[in-house]
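None of the values given here were measured: they were computed from a predicted structure.
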Amino acid sequence: MKNPKSSISFTSKPVDGAESSGSAPYDGIHKGHQGGNDAHLRTIGGGAKLSKQYGPVDKLDRYLSSKPIISFGLTLQASWEAVAISFQSTLLNGGPSTLVYGMLLSTFGSSAMAATLGEMASINPSVGAQYRWTAMLAPKGSNPRFLGYLQGWLTVFAYNAACALNPFLMALIIQGCIILCDETYIPAAWHTTLLAYASMGIPVLCNIYARRLIAPLEIVAAILHVLLLIVFVVVLTTMARRSTADFAFNTSFFGISGWESQGIQWSVGLLAVIFPLGAYDSLLHMADETKNAERTVPQAMWMFTALSGVVGFIFVIVLMFCLGDVDKVSNTPTGLPIIETLYEATGSKAGTVFMMLCIYVIIGASQFNILASVSRLAWAFAKDGGLPFSHIFARVHPTLRIPVNAVILTTTVCLLINIIPIGSTTAFYALTSLSTLALYFSYCVPATLILIRKLQRTFPAYGPWKIQGGYWTGLAVNIFAFSWGWYCVFCLSMPTFMPVTAANLNWAGPILLGVICIAIGSWFGGGHRNFVLPKDGVDQKEGID
């Protein structure tokens with residue numbers, strides 16, 4: 001496989017020799033200079049209105065350096081583990097070829113998007129990220145605050161849905177292992193909910209009471225993430241029945257899901273490789289706790305996304321050569337094809353359960369990270385007055401030094417969403433399917449505005465980190481990111497099966513529209529009075545060279 005680093009390279013050298021202070025992105029005027037560009041991005045502290053109304057808004061401590069923050073992203077994405085528990089959808093649409101070549105495409109596309117957003121992160125490493133950038137880069141004649149408010153609601157809602165998905169998947173792993181060991185066990189929906197609740201316990205407690213353990217825990221989790229991949233590769237390659245190279249690289253499964261178009265089937269099957277390499281903006285939401293954020297955050301965003309893609313690709317290749325009986329794997333009573341694949345390879349239920357519990361641990365670490373990231377995003381949006389009762393969720397605990405109320409809010413939403421499977425698993429999947437679609441949509445909006453600004457040559461002066469290679473190289477990466485992002489939105493909006501019924505409809509699109517409608521209603525219901533953003537956006541001066 002060609003390493004993405006060979007085609008896209010970056011520099012973290014400070015512009016004009018100026019050292020980055022690592023100060024909060026809204027502490028004053030952030031300036032830089034690149035070539036003949038006199039445009040710059042000026043930011044004025046978000047939450048100013050809240051400060052007058054409710055008193056000073058606390059800030060977070062900066063204690064995360066580059067190694068923990070890269071490890072944070074690697075573990076949060078958990079790329080090969082995510083592929084392991086989600087590749088069943090690809091067996092229905094596209095098959096092995098979609099997984100193999102789709103993972104390559106996703107690696108380059110996600111790396112390009114991470115780099116595109118990284119350039120903006122280096123200019124303004126704001127915890128609010130997408131919604132702040134959307135407002136700052138909004139075109140003339142639009143309402144920047146309104147656009148930022150919509151983006152904020154969309155991003156917060158998407159991340160809360162994503163936060164609810166991990167505990168559910170962890171519950172499915174436990175249930176799948178029980179089914180493997182006890183064929184008489186009949187899983188009930190409330191079992192899943194209780195197991196999901198139990199899986200939330202340690203991540204929540206660690207987020208509140210073990211903030212200082214984040215840095216060492218992230219490094220340990222990232223090392224474990226890589227070591228477990230080696231274990232899985234060794235077990236599968238030495239014990240599993242081998243498939244042919246023709247099966248792994250040239251075989252496609254079409255006609256199973258009811259779609260007539262092979263191109264659409266192939267695109268729909270990309271879910272299993274799009275989902276694991278998303279959420280690269282998670283580091284942005286930890287920007288106020290990261291040292292030298294203007295350089296560290298964008299550099300880490302691109303680096304861990306590229307590494308996750310490489311790790312995921314290695315696992316996909318091994319999986320396709322060691323998949324086993326496709327029909328048996330696809331129709332396993334455990335509900336998770338990876339369990340059947342491991343059991344066919346090892347012939348041991350105990351060994352299979354142990355390996356699945358390893359995946360469970362990594363997803364648990366991922367849940368710890370995503371809960372931290374989502375709570376900071378909710379805290380930032382509250383600081384800007386975007387949430388109901390913002391004055392409550394904008395507070396930082398004076399001794400724990402974290403936004404405890406925002407953590408509790410995110411946890412509560414997660415627990416409430418995980419009640420839904422008791423009534424309808426379809427409704428739960430309908431809600432959580434929004435997470436990946438809405439996240440990519442939230443990337444596409446600023447990526448589009450960034451591209452427009454560069455084409456107009458009104459993009460702000462770069463920060464200490466940028467895509468290396470000059471204007472045209474950076475623009476090419478931005479165009480690829482733009483194209484990949486909107487293609488993902490298309491893929492994630494399509495139904496998995498045809499003909500479409502209420503039971504198999506992909507509800508992500510309708511729910512996305514529903515969230516936008518709720519946000520619009522909230523805006524006119526009081527959001528337009530309470531929502532505060534930096535008053536200055538990008539100056540309309542000479543463009544970049």
Participant: Does some side-chain heavy atom of Cys444 sit less than 4.5 Å from a side-chain heavy atom of Val489?
Facilitator: yes
Participant: Do the side chain of Trp484 and the main chain of Leu105 share a donor and acceptor less than 3.5 angstrom apart?
Facilitator: no
Participant: If I compare all heavy atoms of Ala129 with all of His285, which pair ends up nearest, and what's the gap?
Facilitator: CB-CE1, 4.1 Å
Participant: Does atom CD1 of Ile186 have more than 12 heavy-atom neighbours from other groups under 6.0 Å away?
Facilitator: no
Participant: Taking all atoms of both residues into account, what is the closest heavy-atom pair of Pro167 and Gln367, and its distance?
Facilitator: CD-OE1, 3.5 Å
Participant: State yes or no: are the ring centers of Tyr149 and His528 separated by less than 6.0 Å?
Facilitator: no
Participant: How far apart are the closest heavy atoms of Ala162 and Ser435, and which atoms are they?
Facilitator: N-CB, 3.5 Å
Participant: Can you see which heavy atom on Gly309 is nearest to which on Thr107, and at what distance?
Facilitator: CA-OG1, 3.2 Å
Participant: Is there a side-chain contact between Leu437 and Ser493 in this structure, where contact means two heavy atoms from C-beta onward sitting under 4.5 Å apart?
Facilitator: yes
Participant: List the steps and the verdict of side-chain contact (heavy atoms from CB on, under 4.5 Å) for Leu195 and Met170.
Facilitator: CA-CA 8 Å; Leu195 288 170; Met170 294 167 73; over 6 Å; no
Participant: I'd like to know if the side chain of Thr90 and the backbone of Leu270 have a donor-acceptor N/O pair within less than 3.5 Å.
Facilitator: no
Participant: Looking only at side-chain N and O atoms, does Gln77 offer a donor or acceptor that is under 3.5 Å from a partner on Ser308?
Facilitator: yes
Participant: Can you say whether the rings of Phe381 and Tyr131 are parallel (under 30°), tilted (30 to 60°) or perpendicular (over 60°)?
Facilitator: perpendicular
Participant: With a 4.5 Å limit on heavy-atom distance, are the side chains of Phe441 and Leu492 in contact?
Facilitator: no
Participant: Main chain of Trp465, side chain of Glu119: is a donor-acceptor contact present, judged purely on distance under 3.5 Å?
Facilitator: no
Participant: Look at the side chain of Arg132 and the backbone N and O of Asn124, then say whether any donor-acceptor pair between them is shorter than 3.5 Å.
Facilitator: no
Participant: Which atoms form the tightest heavy-atom contact between Gly469 and Thr473, and what is the distance?
Facilitator: O-OG1, 2.9 Å
Participant: Quick one: sort the Phe253 and Phe247 rings into parallel, tilted or perpendicular, breaks at 30° and 60°.
Facilitator: tilted
Participant: Is any side-chain heavy atom of Val316 closer than 4.5 Å to a side-chain heavy atom of Val83?
Facilitator: yes
Participant: Do Ile179 and Thr332 have side chains that approach each other closer than 4.5 Å (heavy atoms only, starting at C-beta)?
Facilitator: no
Participant: Could you tell me if Tyr197 and Asn418 have a donor-acceptor pair between their side chains, going purely by distance under 3.5 Å?
Facilitator: no
Participant: Looking only at side chains, do Tyr280 and Ser111 share a donor and an acceptor under 3.5 Å apart?
Facilitator: no
Participant: What distance do Ile173 atom CD1 and Gln175 atom CD have between them, rounded to the nearest 0.5 Å?
Facilitator: 11.0 Å
Participant: Donor-acceptor check, side chain of His191 to backbone of Ala188, threshold 3.5 angstrom: yes or no?
Facilitator: yes
Participant: Give a yes or no answer on whether the side chain of Tyr440 reaches the backbone of Ile274 with a donor-acceptor pair at less than 3.5 Å.
Facilitator: yes
Participant: For Val127 and Leu284, what are the C-alpha separation, side-chain angles and deciding distance, and is it a side-chain contact (heavy atoms from CB on, under 4.5 Å)?
Facilitator: CA-CA 6 Å; Val127 176; Leu284 288 165; over 6 Å; no
Participant: Taking side chain as C-beta onward, heavy atoms only, is Leu475 less than 4.5 Å from Leu455?
Facilitator: yes
Participant: Can a donor-acceptor pair be found between the side chains of Glu340 and Thr334 at a distance below 3.5 Å?
Facilitator: no
Participant: Going by the angle between their ring planes, with limits at 30° and 60°, are Trp80 and Phe315 parallel, tilted or perpendicular?
Facilitator: tilted
Participant: With salt bridge (charged side-chain N to carboxylate O under 4.0 Å, His left out) as the test, would you mind laying out the steps for Asp325 and Arg241 before giving the verdict?
Facilitator: CA-CA 9 Å; Asp325 187 327; Arg241 186 182 68 185; 5.2 Å; no
Participant: Are Val268 and Cys491 side-chain neighbours, meaning at least one heavy-atom pair lies under 4.5 Å?
Facilitator: no
Participant: Is any side-chain heavy atom of Phe313 closer than 4.5 Å to one of Val100?
Facilitator: yes
Participant: Using 0.5 Å steps for rounding, measure from the CG atom of Leu99 to the OG1 atom of Thr251.
Facilitator: 12.0 Å
Participant: For Phe531, does its backbone N or O pair with a side-chain atom of Arg145 as donor and acceptor, under 3.5 Å?
Facilitator: yes
Participant: Apply side-chain contact (heavy atoms from CB on, under 4.5 Å) to the pair Glu344 and Leu323, showing each step before the final yes or no.
Facilitator: CA-CA 9 Å; Glu344 282 195 19; Leu323 186 60; over 6 Å; no
Participant: Measuring from atom CG of Asn369 to atom CZ of Phe72, what distance do you get when rounded to the nearest 0.5 angstrom?
Facilitator: 4.0 Å
Participant: Assess the residue pair Thr412 and Leu409 against the criterion (side-chain contact (heavy atoms from CB on, under 4.5 Å)); give the C-alpha distance rounded to whole Å, side-chain angles, the decisive distance to 0.1 Å, and a yes or no.
Facilitator: CA-CA 5 Å; Thr412 302; Leu409 171 65; 5.6 Å; no
Participant: For the atom pair CD1 (Ile370) and OG (Ser366), what is the distance rounded to the nearest 0.5 Å?
Facilitator: 6.0 Å
Participant: Could you tell me the separation between the CG atom of Leu449 and the CG atom of Leu147, rounded to the nearest 0.5 Å?
Facilitator: 8.0 Å
Participant: So, Glu218 and Ser71: side-chain donor and acceptor under 3.5 Å apart, yes or no?
Facilitator: no
Participant: Is it the case that the side chain of Tyr360 and the backbone of Met355 share a donor-acceptor pair, with hydrogens and angles ignored and the cut-off at 3.5 Å?
Facilitator: no
Participant: Could you tell me how the ring of Phe249 sits relative to the ring of Tyr101: parallel (under 30°), tilted (30 to 60°) or perpendicular (over 60°)?
Facilitator: tilted
Participant: Supply the atom-to-atom distance Ile450 CD1 to Trp133 CH2, rounded to the nearest 0.5 angstrom.
Facilitator: 6.5 Å
Participant: If you measure only the distance, is there a donor-acceptor pair under 3.5 Å linking the side chains of Ser375 and Thr410?
Facilitator: no
Participant: Does Ser267 reach the main-chain N or O of Gly263 with its side chain, forming a donor-acceptor pair under 3.5 Å?
Facilitator: yes
Participant: With distance as the sole test, does Asn207 use its side chain to make a donor-acceptor pair with the main-chain N or O of Phe368 at under 3.5 Å?
Facilitator: yes
Participant: Where is the tightest heavy-atom contact between Leu277 and Ser106, given as atom of each residue plus distance?
Facilitator: CD1-OG, 3.4 Å
Participant: Regarding Trp486 and Thr448, do their side chains bring together a donor and an acceptor under 3.5 Å, going by distance alone?
Facilitator: yes
